[in-house]
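What follows is a set of notes on a single structure, which appears directly below.
No experiment lies behind these values; they were computed from the predicted model shown. Just so it is clear: chains get the letters A, B, ... in the order the sequence lines come, proteins before strands, and each one is counted from 1.
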Protein chains: 2
Amino acid sequence: MYAQQIAKIELPSQPSPFALLDGAMAQPVSFFPAGTEIYAQGEKAGPLYQVEFGAVRVYRLLADGRRQISAFHLAGETFGFEADATHHFFAEAIGATGIRVFRIASTADMSSQLLPLALKGLIRAQEHLLVLGRQNAIERVAAFLVDMAGRQGGLRQIELPMSRLDIGDYLGLTIETVSRVFTRLKDKSAIRLLGLRSIEILKQNMLLEMGG
Amino acid sequence: MYAQQIAKIELPSQPSPFALLDGAMAQPVSFFPAGTEIYAQGEKAGPLYQVEFGAVRVYRLLADGRRQISAFHLAGETFGFEADATHHFFAEAIGATGIRVFRIASTADMSSQLLPLALKGLIRAQEHLLVLGRQNAIERVAAFLVDMAGRQGGLRQIELPMSRLDIGDYLGLTIETVSRVFTRLKDKSAIRLLGLRSIEILKQNMLLEMGG
DNA sequence: CGCTGTGTTGATAAGCTTCAAGAGTGGTGG
DNA sequence: CCACCACTCTTGAAGCTTATCAACACAGCG
């Protein structure tokens, strides 16, 4: 189920609406169907990746199949530098996703541009440690929704490109617990479920207080 | 209890036995008594720090006092770059600790040296996410012991500079659970407690299998 | 229009936390 | 040097949160 291989289809190259990396060779946008692998753990690391549309999950597996998603990447976000020589994680397209690949001549030349990205990722990861280590189920989901809302421009209505299973594997919860918490938040009128993957935030303050 | 301020005592400057950062202004070693603050959340970030002796905890707090330690730093390790403009975390000396401060002229100039450190930190943090999100108490403690052993040269006997409370706050467990797991590992003859802060690993394979 | 995958809800169980008491350790002062 | 004291750690009992197992509902798609 995880890390399946599907041929990539090249889309015609077009200007990215997002910030480009200076000095990097911008490749055409590659299309990844839902569930396809972008890179795998153990693979030689090289290029960076920028999401043009769709969403990506980066995760690690335990031997028995337990999965922890360490990050989601939405349109406009850059990923793939969580690697030294080889990748320590898997990256997969969640839904149909367009990704621009940046081939980097030398990591050293790009380091002044990469460092801020790496630091932002480090801060995000360490903040997520607080969520996983010290917050309960409802606090975790609240923090997740606040984060997703912020990354989608702070709008009341947010789109969740990922399944409940993905959310659970990101928050260290089971799919059932995620579902129950959504129901509880709905009962408290903190959120409204417009569709399975579409949520309206009704009481942002309540979520903020919960999420820390 | 956390983040208390105590005057620092300067030790005479001496060559560090550890790798230095090129182009950084090496300061004399500062001495931090047990429990003293090195930097605080919200403070302006600037220098980097290298542990000469002792150990450091880096953590975040929730409003109600729950604490998540995101990393321990032992002798020879560098920290303090988990910041953009201001620090997002607290750093404290665990026991009596000597720290060499590096004042960086410009982050950009140092970026090629800083990037590998940042990436290592990012990988460590994301691996710790797997522990907190998907492993149970005994697996967490096993992973912690394996990590500590590796960072102390892979010896059978390891010194734990931190309290059970610190270990609990690092692993997302209570002090009581940490203590019970230590007892269980002792009963399984996986470890032997030489003192409260000194442990001998008897069955490394068992710990490795548990820790993932 | 049925089928398949995803999500929800319910009942039960497991694991961890909480609350409480007691034991051990290390440091200090007599 | 020993005894006491404070603090940390360990152990026990009970409760709570979340996981697990199971059944059902719903949505999207061929």
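- Using a 4.0 Å heavy-atom distance criterion, G172(B) is classed as a sugar-phosphate-only contact.
- Against DNA chain D, the stretch residues 178-185 of chain B makes heavy-atom approaches under 4.0 Å through S179(B), R180(B), T183(B).
- Computed from coordinates, the L165(A) CG to dA19(D) C1' distance equals 14 Å when rounded to whole Å.
- Checked for salt-bridge contact, D166(A) and R67(A) meet the test: a charged N lies under 4.0 Å from a carboxylate O.
- Considering only the side chain of E176(A), dC21(D) comes nearest among dG7(C), dC9(D), dC21(D).
- Comparing dT10(D), dT18(D), dT8(C) by their closest approach to the side chain of L193(B) singles out dT10(D).
- Out of dT18(C), dT8(C), dC9(D), the shortest distance to the side chain of L196(B) is found at dC9(D).
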Contacts under 3.5 angstrom, residues 189-199 of chain A side chains, donor-acceptor by atom type, not counting sequence neighbours:
residue: R192(A); atom: NE; partner: E200(A); partner atom: OE1; Å: 3.2
residue: R192(A); atom: NH2; partner: E200(A); partner atom: OE1; Å: 2.7
residue: R197(A); atom: NH1; partner: P161(A); partner atom: O; Å: 3.3
residue: S198(A); atom: OG; partner: Q157(A); partner atom: NE2; Å: 3.3
residue: S198(A); atom: OG; partner: E159(A); partner atom: OE2; Å: 3.1

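- The aromatic rings of F90(A) and Y59(A) lie parallel to each other, with less than 30° between the two planes, well short of the 60° mark.
- The aromatic rings of F79(A) and H73(A) sit parallel, their planes meeting at an angle under 30°, below the 60° perpendicular limit.
- Under a 4.0 Å N-O distance rule, the pair R66(B)/E139(A) qualifies as a salt bridge.
- In this structure, S163(B) reaches the sugar-phosphate backbone alone: every heavy-atom distance under 4.0 Å involves primed, P, OP1 or OP2 atoms, never a base.
- Across all strands, R197(A) comes closer than 4.0 Å only to sugar-phosphate atoms, never to a base (heavy-atom distances).
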